[in-house]
Amino acid sequence: MKSYDPGNIELKWQKLWEKERIFEAKDNSEKPKLYILDMFPYPSGAGLHVGHPRGYIGTDVIAHYMRMRGYNVLHPMGWDAFGLPAENYAIKTGIHPEITTKQNIKRFKEQMKRIGLSYDWSREISTADPEYYKWTQWIFLKLFERGLAYRANLPINWCPSCKTGLANEEVIDGKCERCQAAVVKKKIEQWVLRITDYAEKLLQGLDKLDWPEQIKEMQRNWIGRSEGAIIKFQIINSKAKINYKSQIENSKEFIKSFTTRPETIFGATFLVLAPEHEFVASLFKNPKSKIQNIEEVKEYLKKAKKKTERKRIAGIKDKTGVEIEGIKAINPANQKKIPIYIADYVLLSYGYGAIMGVPAHDKRDYEFAKKYNIEIIEVIRPSKFQIQNSKKNNGAYEGEGILMKSGNFDGIKSEKAKKEITRWLAEKNLAKEAVNYKLRDWIFSRQRYWGEPIPLVFCGNCEKTVKNYKLQITNPKQIQNSKFKIQNLEFHLGELLNPGWVALPEKELPLELPRVEKYQPTGTGESPLSAVKDWKETKCPKCNGKAIRETNTMPQWAGSCWYFIAYCVSSNPKSKIQNHSPSTDELGPVLLKKGGGSKLLKYWLPVDFYVGGAEHAVLHLLYARFWIKALYDSKIINFKEPFSKLKTIGLILAPDGQKMSKSRGNVINPDEIIEKYGADTFRIYEMFMGPFDQPIAWDSQGILGAQRFLQKIWRLFEKSAILNLKFQTNQKSKIQNQKIKKLIHKTIKKVTQDIEAQKFNTAIAAIMELVNEMEKEKELSVVDCELLVRLLAPFAPHISEELHQLLGKSQIINSKFQTNPKSQIPNPKQIKSIFKESWPEYDQELIEDEKVVLVAQVNGRVRDQIETSAGISENEAQKIVLKSPKIQKWLNKKEIKKTIFVKDKVINFVV
RNA sequence: GCUGGGAUGGCGGAAUUGGCAGACGCAAUGGCCUUAGGAGCCAUUAAGCAUAGCUUGUGGGAGUUCGAAUCUCCCUCCCAGCACCA
């Protein structure tokens with residue numbers, strides 16, 4: 001037997017696995033299925049660093065383990081290939097992103113293969129492949145068709161460095177998620193997806209998911225559901241000569257505001273509007289404006305507009321505003337006239353962009369009222385029980401309590417008053433119970449080149465047709481769920497809601513990205529595609545008139561919203577996703593069949609276990625859930641949640657404790673590590689270094705421990721007497737190794753449980769303990785050795801297969817294993833457990849010890865440890881333990897007041 | 001400010017229906033082997049002391065219990081996310 005040479009061994013097995021296509025999932029199988037998935041990477045130019053594979057190795061361990069348990073495992077990999085770095089590189093060098101992306105993919109794939117990851121490469125996909133993105137486009141059209149995509153001219157988050165609009169989810173701390181440039185507001189025509197329609201479903205669905213609480217909570221916060229009421233405030237001209245009672249009767253101007261605390265309405269002493277509020281704009285349109293301080297107001301609006309989002313946030317401590325003099329609002333509860341302010345601490349994007357100011361019970365309103373000398377009326381006082389814990393938040397009491405100065409509602413508890421006051425105002429049609437969400441619709445257009453083209457055209461003719469027709473619609477329900485014939489042309493809901501925008505027919509998909517000369521974004525809000533005249537100018541597929549293509553592209557998140565579905569399409573090259581066309585029959589033959597998905601989708605989906613970084617909590621993970629829910633409602637698929645179980649991976653930091661990055665120069669390259677130590681050592685170290693979901697720094701010494709461990713196992717086989725006997729088992733060694741046998745079975749139990757709980761670090765620690773014990777033995781049986789390599793196989797598959805072969809056995813993955821040689825003849829019980837093929841099962845009898853160490857305590861302190869037979873009674877234990885001189889010494893002839901006995905564990909005398 | 005998660009030797013970490021704190025690994029120290037060691041082997045390795053033993057010890061303080069890293073209350077600090085969301 002040669003010394004351990006990981007390089008050769010690993011390449012040998014990797015070649016064999018590839019040749020035998022041993023890790024490919026079977027589409028037609030009687031076995032139970034397991035779909036275990038990694039978040040697919042963006043193939044960057046830098047290649048993988050040692051942090052990336054941590055998750056991949058984790059899922060690989062589970063994939064191996066579950067295959068050994070007899071599951072039909074789907075474990076695929078692909079590429080999230082659209083994205084800015086490739087495009088920016090193209091701007092610099094002129095090399096088409098497609099070329100660099102392909103090179104990067106090749107590199108990534110080689111690196112992954114060298115780690116020995118057991119992916120089913122027959123199902124590999126890339127989101128930038130036209131044969132893939134035709135389906136992304138197709139799904140977009142399904143959303144468009146159902147009215148879930150709409151055109152809007154919105155002030156959006158604009159990254160001046162990337163020169164593109166961003167979704168709210170992509171703005172972190174007022175900065176661009178990708179390049180950290182400060183985001184500004186810019187008004188652009190956008191495609192927006194109505195994710196808010198799914199706010200409630202996205203929230204509700206979380207409860208049933210086996211996801212980390214942290215991620216679920218982040219999504220809950222992001223969705224931001226709050227219950228309250230819409231309250232209407234009437235607006236009157238405060239300088240009008242008519243008395244205001246009759247004004248109240250006559251004025252029809254109202255401003256709506258959302259509040260979570262309608263019970264404080266009697267304390268509402270002012271109204272605040274966001275600077276962008278439409279009422280403010282309407283004041284200027286009206287030539288007979290009632291505003292007396294119009295110049296002052298204009299000045300404030302000008303200033304507010306100039307402020308960036310960040311400055312507005314920075315102004316939290318110092319709120320600014322201006323009163324609109326000349327008009328007043330009426331508090332609907334007590335008909336008091338209250339002033340109206342414009343202030344930028346109120347956000348247009350939430351609720352109605354208007355709030356009622358209750359300074360006594362809201363910190364922010366309090367600060368504002370103090371600054372502008374507005375009346376503060378306390379209407380809730382803490383009850384006797386609450387008074388001790390009641391804290392004023394910067395002057396405002398924000399807790400629950402008893403109502404006062406609230407008309408008929410005095411003395412009522414605030415929780416109860418919430419509903420009653422809303423109801424009372426509702427009777428007068430001045431309020432309504434309401435639910436509000438923080439979640440905003442998803443801005444879906446990107447003014448960049450390297451993304452999926454949006455498969456829509458704009459047609460002037462059709463715009464007229466639709467606009468004329470829309471005028472005839474009286475009942476909005478009329479336009480739901482169906483197609484309409486207008487002048488012999490068919491339009492669907494999306495086209496009616498966005499006049500002039502026409503969907504490409506399915507047979508024209510994919511709409512491929514045209515070649516361009518310049519990738520440079522224009523910066524004007526137009527994509528580089530708008531410069532490609534003969535691509536942009538086209539014919540309307542509906543009326544055959546002149547039409548212009550949408551030149552924006554989709555955001556990077558689009559392709560990742562459904563990629564896990566694409567993997568499920570057969571691995572048979574003839575039926576690969578690339579070979580399916582939406583046009584060949586109604587909805588595409590295999591991928592997406594009418595009525596809830598094809599057989600394959602039903603078999604594989606949803607994903608059973610998903611592993612990736614927590615940074616996608618409110619991005620990819622939310623978007624994908626949204627698309628799946630929309631596709632479910634379109635009856636294209638039959639599951640409501642894409643990922644049943646989710647586990648996040650902790651980042652691997654550089655040895656200096658910093659994040660690994662090229663610019664810091666602290667990146668550790670897995671290629672070098674594998675070159676030096678081998679893939680198995682790398683895998684063992686990454687799994688052993690700490691808990692899977694916690695961040696941890698790379699330790700270049702630590703990996704030596706993993707290497708020593710594998711070398712120790714190798715030497716164990718080398719020196720083992722059995723090897724010299726050509727792996728012949730003999731009776732004698734069987735008897736001698738009873739101790740080891742027991743330990744092995746305990747280890748089987750521990751490793752099995754730990755893998756199931758993804759506690760890979762302790763699973764490996766248990767195997768290490770076993771190896772340390774086995775090392776002490778002079779002789780080991782073949783069975784002992786075989787069990788050891790089987791436990792090791794999911795973590796270090798190459799060395800395990802090699803050693804298994806040295807034992808004279810066939811491949812682990814293909815060979816059944818029986819721990820009990822007596823049960824060679826199949827019995828009914830065995831047939832039942834036919835799926836438990838090559839993972840060893842432990843024998844409970846062997847795990848139970850005959851001898852245990854009983855801990856003897858006096859007054860709860862350990863004074864002695866005594867070996868006894870297992871299962872002895874309290875009386876027996878007492879007799880034995882009392883003989884101990886150490887215990888006698890501590891008892892010191894005192895009277896035993898009480899004895900506590902825990903079977904096989906502890907006996908405690910209280911004196 | 002809000003939400004979620006944490007704090008255990010020199011380091012990463014282990015231990016949960018409350019029952020031997022520090023498994024496993026790294027580093028360190030001493031020894032063996034060696035021309036050599038960034039290889040291997042053996043031993044030691046929480047701290048303190050009056051060292052065959054005893055005492056203290058899981059961020060700090062209180063409590064429940066025969067017994068607390070683990071349960072309860074209060075506090076401090078760290079990490080992550082959100083943040084004028086009415």
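Every chain is numbered from 1 and lettered A, B, ... according to where its sequence line falls, protein lines coming before strand lines.
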For residues 858-870 of chain A, which residue pairs pass the side-chain hydrogen bond (donor to acceptor under 3.5 Å, both in side chains) check, not counting sequence neighbours?
A:D864-A:S884

Can the positive tip of A:K232 be found less than 6.0 Å from the middle of the six-membered ring of A:F254, inside 45° of the ring normal?
yes

Do the ring planes of A:Y341 and A:Y372 sit parallel (below 30°), tilted (30 to 60°) or perpendicular (above 60°)?
tilted

Check ion pair A:R440-A:E169 (N to O, under 4.0 angstrom)
no

A:K371/A:D318 ion pair, N-O < 4.0 Å:
yes

Verify the distance criterion only: is there a donor paired with an acceptor across the side chains of A:Y352 and A:N436 at less than 3.5 Å?
no

Run the salt-bridge test on A:R54 and A:E686 with the 4.0 Å N-O cut-off and return the result as yes or no.
no

Between B:C84, B:A86, B:C66, which one does the side chain of A:D344 approach most closely?
B:C84

Between B:G38 and B:A50 - C1' atom distance, rounded Å:
43 Å

Roughly how many Å is it from NZ in A:K371 to C1' in B:C84, rounded to a whole number?
14 Å

Base, sugar-phosphate or nothing for A:V910? Non-hydrogen atoms, less than 4.0 Å.
sugar-phosphate

State whether the distance check finds a donor on one side and an acceptor on the other, under 3.5 Å, for side chain A:K897 versus base B:C66.
no

Applying a 4.0 Å non-hydrogen cut-off, can you work out what A:S226 is touching in the nucleic acid: base, sugar-phosphate, or nothing?
sugar-phosphate

Suppose you measure atom C1' in B:C77 against the same atom in B:U8; what distance do you get, rounded to whole Å?
16 Å

Regarding A:P691, tell me which of base, sugar-phosphate or nothing describes its non-hydrogen contacts under 4.0 Å with the strands shown.
sugar-phosphate

Under 4.0 Å between any heavy atoms, over every strand shown, what does A:I696 touch: base, sugar-phosphate, or nothing? Just pick one.
sugar-phosphate

Restricting to pairs with a member in residues 696-713 of chain A, which pass side-chain hydrogen bond (donor to acceptor under 3.5 Å, both in side chains), not counting sequence neighbours?
A:K712-A:N772

Among residues at least two apart in sequence or on other chains, which ones pass salt bridge (Lys or Arg N to Asp or Glu O under 4.0 Å) with A:E672?
none

Summary of protein contacts for nucleotides 20-36 of chain B, nucleotide by nucleotide, where a base hit scores B, a sugar-phosphate-only hit scores S (4.0 Å, heavy atoms):
B--BBSSS---------

Whether A:D207 and A:R220 form a salt bridge (side-chain N of Lys/Arg under 4.0 Å from carboxylate O of Asp/Glu) is what I want to check.
yes

Between which residue ranges does RNA chain B form stems of three or more consecutive Watson-Crick or G-U wobble pairs, both distances under 3.5 Å?
B:1-7 with B:76-82, B:10-12 with B:24-26, B:28-32 with B:40-44, B:46-49 with B:53-56, B:59-63 with B:71-75

Charged N to carboxylate O below 4.0 Å: is that the case for A:E170 and A:R178?
no

Counting the atoms with a prime plus P, OP1 and OP2 as sugar-phosphate, which does A:K438 contact under 4.0 Å by heavy atoms, base, sugar-phosphate, or nothing?
base

Please list, pair by pair, any protein nitrogen or oxygen found under 3.5 Å from a nitrogen or oxygen in nucleotides 51-55 of chain B.
from, atom 1, to, atom 2, distance (Å)
B:U55, OP2, A:R863, NH1, 3.2

